[in-house]
Enquirer: 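So that we are looking at the same thing, I have put the structure below in structure tokens.
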Amino acid sequence: MKYLKSMLIVFIGLYSPSLFSQAQTITMEQFLGQLKKVHPLFESERLTVQLEEERQKSYLGDEDWHITSGPYYTRTNPLPATSFSPESINQISLGAVAQKAFWKTGGRLSFSWSSDFTDQAGLQDFEIQLDPLVPPIVFDVGTSKHYQNQLAVRYVQPLLKNRNGFLDRLEYDLKEFDIDFAEAQSLENQEDFLAGLAGKFLDWVLLTEQKQIIQDRLKLSEEELARTNKKREAYLVDEVDVIRAGDAVRIAKRNQMLIESRWKALQAELAVLTLNNELYHLNPEFNLYELQQLPTLEEAGAQLRRVSRQIKTLNVRLDAFKYARKGFEEALKPSLSLVTQVDFKNLDAGFGESLKMDKLDTYVGLEFSVRLKDRTAQSQIIKNDIFQTQMKKQILDLDLTLTSALTNVYIQIDELKEVLRLDVEQIESARERTQEELRLYNRGRGELTFVIQSQDSEENAKLTYAGDALTYQKFIVRYRALMDELL
């Protein structure tokens with residue numbers, strides 16, 4: 001049992017460091033991926049698109065059945081123009097209308113039903129006395145109380161304006177462009193946000209690299225201080241060299257503390273942004289000095305014009321104006337509609353009999369109307385054409401702006417490769433100089449001041465190399481953002 005425990009301890013000791021080190025790092029892709037999952041900006045942008053989709057769906061209500069109904073009561077006192085006129089008319093009515101628009105055809109179908117009760121007070125039969133010896137002739141003016149029920153079916157089909165329901169669904173169709181615009185704009189906002197946070201991640205990477213460089217410098221200073229103390233004890237150097245070596249250690253520790261504080265502050269900021277407390281225990285994993293292979297500037301420019309979301313948003317607006325123009329052209333057409341209607345009705349003194357509605361009326365006709373000089377629609381068309389021309393100019397302007405920005409970034413990326421190569425040479429030169437100054441000092445032919453200066457130069461060369469590498473990587477992020485590659 002003790003043997004198994006011992007083997008387990010050895011196994012953990014051998015393998016857990018590598019597992020632990022893996023768990024202690026986070027790549028930029030992992031960082032940005034987690035950011036997209038938890039940061040409220042991304043959910044907010046997705047809701048923006050969803051909101052536009054719901055706004056479009058709200059127009060579907062125009063195609064639903066619309067039902068209106070209501071009872072009413074009227075009382076009239078007609079003027080006694082003839083002997084047949086009643087003293088008053090009381091009427092109680094109940095009616096309902098259901099109508100529906102069909103976007104596929106532009107037609108309108110409606111069903112209407114009405115039920116009336118009429119009471120004509122003071123209505124009397126009319127008598128004519130032709131012969132005193134003969135009873136008078138009585139003319140029945142009808143019942144004073146009666147019920148009437150009527151059901152009507154009406155369908156109107158446009159033949160010119162709004163044929164196939166173009167005008168009916170115009171607002172709904174135009175909302176599709178708003179959805180496309182909102183989606184492209186939402187993705188662009190997310191990409192801009194990711195680009196900014198990718199830059200902060202790279203700042204964290206730089207601080208991590210600077211920490212290592214300064215740690216190495218501190219180690220050299222401490223080793224040099226130890227050697228100088230031994231030489232002083234052997235009376236090989238003066239006390240001033242010990243002081244100089246101690247100053248170098250203190251300066252290195254100070255720089256280390258400053259970098260450490262900045263490193264922790266940025267780590268905490270990124271942990272809050274990602275809602276991830278585990279980030280307090282992680283280090284960034286990123287090759288700061290890795291160079292990227294990019295396509296040629298001409299290829300990148302052609303790709304930018306193809307995939308740019310910013311250009312897409314303006315093209316969506318342009319397409320929306322083109323589609324809206326068709327609506328204004330449709331509105332200019334004269335209105336010609338085929339109208340058909342069938343009425344089923346009946347009138348009777350009894351309510352039950354009036355429900356039979358066996359009397360039939362039929363109507364078929366054409367209705368034509370035209371607005372002469374529809375200046376409203378004509379003005380809308382002219383205004384629309386101006387908007388289209390303006391939008392095309394804005395697209396050209398944006399194309400030039402993006403291309404110039406891409407050219408700027410691309411050239412700086414390309415030139416920085418040469419700068420980084422020179423930085424490497426400078427580091428190598430500073431390292432050789434340090435070795436030579438140290439060799440001369442150990443032989444008693446040099447001064448410690450020159451050794452410290454040379455070590456500082458080597459450290460500064462490494463810091464410069466890291467700073468230039470950061471600039472290069474940030475330009476790569478800007479390039480990817482311009483090319484819409486971060487998402």
Enquirer: Kindly indicate, with the supporting measurements, whether the criterion side-chain hydrogen bond (donor to acceptor under 3.5 Å, both in side chains) is fulfilled by Gln190 and Ser186.
Expert: CA-CA 6 Å; Gln190 294 177 47; Ser186 170; 3.1 Å; yes

Enquirer: Quick check: are there more than 12 heavy atoms from other residues, nucleotides or ligands sitting under 6.0 Å from NZ of Lys175?
Expert: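 Atom NZ in Lys175 is crowded, with more than 12 foreign heavy atoms closer than 6.0 Å.
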
Enquirer: Quick test of your reading of the model: are Glu425 and Arg431 salt-bridged, counting only N-O distances below 4.0 Å?
Expert: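 No.
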
Enquirer: Strictly below 4.0 Å, N to O, side chains only: are Glu330 and Lys161 in salt-bridge contact?
Expert: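 Salt bridge: no.
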
Enquirer: Between Arg309 and Glu191, is there a side-chain N and carboxylate O pair less than 4.0 Å apart?
Expert: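 Salt bridge between Arg309 and Glu191, a charged N being under 4.0 Å from a carboxylate O: yes.
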
Enquirer: Answer whether the closest heavy-atom distance between the side chains of Val370 and Lys333 falls below 4.5 Å.
Expert: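 Heavy-atom side-chain distance check fails, nothing below 4.5 Å.
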
Enquirer: Got a sec, which residues hit side-chain contact (heavy atoms from CB on, under 4.5 Å) with Asp385, two or more places apart in sequence or on another chain?
Expert: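 If we apply the side-chain contact (heavy atoms from CB on, under 4.5 Å) test to Asp385, skipping adjacent residues, the hits are Arg325, Ile381, Gln388.
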
Enquirer: Indicate yes or no: at least one non-hydrogen side-chain atom of Leu470 is less than 4.5 angstrom from one of Val205.
Expert: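 SC-SC contact between Leu470 and Val205 ruled out.
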
Enquirer: Would you say Met28 and Leu32 make side-chain contact, with heavy atoms under 4.5 Å?
Expert: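 SC-SC contact between Met28 and Leu32 confirmed.
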
Enquirer: May I have the list of side-chain donor-acceptor pairs in residues 252-259 shorter than 3.5 Å, sequence neighbours left out?
Expert:
residue	atom	partner	partner atom	Å
Asn255	ND2	Ile251	O	3.4
Gln256	NE2	Gln215	OE1	2.3

Enquirer: Looking at every heavy atom in both Ser457 and Arg433, which two are closest together, and how far apart are they?
Expert: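 Taking Ser457 first and Arg433 second, the nearest heavy atoms are OG-NH1, 3.9 Å.
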
Enquirer: Is there side-chain contact between Val364 and Val339, with at least one heavy-atom pair below 4.5 Å?
Expert: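 In short, these two side chains do not touch, never coming nearer than 4.5 Å.
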
Enquirer: Please determine whether a side-chain nitrogen of the Lys or Arg among Arg439 and Glu436 lies less than 4.0 Å from a carboxylate oxygen of the Asp or Glu.
Expert: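 Yes.
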
Enquirer: Measure the CG-CD1 distance between Leu304 and Ile311 for me, rounded to the nearest 0.5 Å.
Expert: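 Those atoms lie 5.5 Å apart.
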
Enquirer: Walk me through whether Tyr472 and Tyr289 qualify under ring pair (Phe, Tyr, Trp, His ring centres under 6.0 Å).
Expert: CA-CA 9 Å; Tyr472 173 85; Tyr289 306 106; over 10 Å; no

Enquirer: Show your working on ring pair (Phe, Tyr, Trp, His ring centres under 6.0 Å) between Tyr410 and Phe475 and close with a plain yes or no.
Expert: CA-CA 8 Å; Tyr410 192 95; Phe475 274 120; over 10 Å; no

Enquirer: Between Val477 and Ala195, what is the shortest heavy-atom contact and its length?
Expert: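 Closest pair (atom of Val477, atom of Ala195, distance): CG1-O, 3.9 Å.
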
Enquirer: So which atom in Leu332 and which in Ala377 form the shortest heavy-atom distance, rounded to 0.1 Å?
Expert: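 Heavy-atom minimum between the residues: CD2-CB, 3.6 Å.
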
Enquirer: Any heavy-atom pair between the side chains of Arg55 and Asp178 that's under 4.5 Å?
Expert: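 They are not in contact (no side-chain heavy atoms under 4.5 Å apart), so the answer is no.
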
Enquirer: Can Arg250 and Asp247 be counted as an ion pair, charged N to O under 4.0 angstrom?
Expert: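 Asp247 and Arg250: salt-bridged.
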
Enquirer: Under 6.0 Å from the ring centre and within 45 degrees of the ring axis: does the NZ or CZ of Lys100 meet both conditions for the six-membered ring of Phe102?
Expert: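 Verdict for Phe102: a cation-pi partner in Lys100.
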
Enquirer: Identify which one of Trp103, Tyr59, Phe166, Phe177 satisfies the ring-ring contact (aromatic ring centres under 6.0 Å, His included) criterion when paired with Tyr172.
Expert: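 The option that passes is Trp103.
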
Enquirer: Verify whether one side chain among Asp374 and Gln378 offers a donor that lies under 3.5 Å from an acceptor in the other.
Expert: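 Gln378 and Asp374 do not have a side-chain donor-acceptor pair below 3.5 Å.
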
Enquirer: Charged N to carboxylate O under 4.0 angstrom, Lys417 versus Asp468?
Expert: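 Not counted as a salt bridge, because no side-chain N and carboxylate O are separated by less than 4.0 Å.
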
Enquirer: Indicate whether the side chain of Asn384 and that of Gln380 have a donor and an acceptor atom separated by less than 3.5 Å.
Expert: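 Not at all, the side chains of Asn384 and Gln380 share no donor-acceptor pair under 3.5 Å.
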
Enquirer: Could I get the full list of side-chain contact (heavy atoms from CB on, under 4.5 Å) partners for Gln34, not counting sequence neighbours?
Expert: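 Applying side-chain contact (heavy atoms from CB on, under 4.5 Å) to Gln34 gives Ile26, Asn276.
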
Enquirer: So do Thr340 and Tyr363 actually touch side chain to side chain, heavy atoms under 4.5 Å?
Expert: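 Heavy-atom side-chain distance check fails, nothing below 4.5 Å.
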
Enquirer: Could you tell me whether Asp423 and Lys462 make a salt bridge, using a distance below 4.0 angstrom between a side-chain N and a carboxylate O?
Expert: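 Judged by the 4.0 Å cut-off on N to carboxylate O distance, Asp423 and Lys462 do not form a salt bridge.
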
Enquirer: Does atom CZ of Arg108 have more than 12 heavy-atom neighbours from other groups under 6.0 Å away?
Expert: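 Yes, the 6.0 Å shell around CZ holds more than 12 heavy atoms from other groups.
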
Enquirer: Side chains of Tyr280 and Glu278: donor-acceptor distance under 3.5 Å anywhere?
Expert: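 No, no side-chain donor-acceptor pair sits under 3.5 Å.
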
Enquirer: Check whether more than 12 heavy atoms from other residues, nucleotides or ligands sit under 6.0 Å from atom CZ of Arg46, and answer yes or no.
Expert: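 More than 12 within 6.0 Å, yes.
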
Enquirer: Any donor-acceptor pair under 3.5 Å linking the side-chain atoms of Ser110 with those of Gln99?
Expert: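 Note: Gln99 and Ser110 side chains miss the donor-acceptor criterion.
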
Enquirer: Answer with yes or no whether the side chains of Arg217 and Ser221 bring together a donor and an acceptor at under 3.5 Å.
Expert: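 The answer is yes; a qualifying pair exists.
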
Enquirer: Look at the rings of Phe286 and Phe201 and say which category their plane angle falls in: under 30° parallel, 30 to 60° tilted, over 60° perpendicular.
Expert: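 Phe286 vs Phe201 ring planes: perpendicular.
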
Enquirer: Between Glu222 and Lys219, is there a salt bridge with N-O shorter than 4.0 Å?
Expert: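 Glu222 and Lys219: not salt-bridged.
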
Enquirer: Between Gln341 and Val153, is the side chain to side chain contact (heavy atoms under 4.5 Å, CB included) condition met? List the steps.
Expert: CA-CA 6 Å; Gln341 181 168 332; Val153 182; over 6 Å; no

Enquirer: Tell me, do Glu260 and Leu207 make a side-chain contact under 4.5 Å, heavy atoms counted?
Expert: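 No, every pair of side-chain atoms sits at 4.5 Å or beyond.
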
Enquirer: Roughly how far apart are Leu486 CG and Glu29 CD, rounded to 0.5 Å?
Expert: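 Separation between the atoms: 10.0 Å.
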
Enquirer: Do Asp62 and Asp168 touch side chain to side chain, with heavy atoms closer than 4.5 Å?
Expert: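 Asp62 vs Asp168: side chains apart.
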
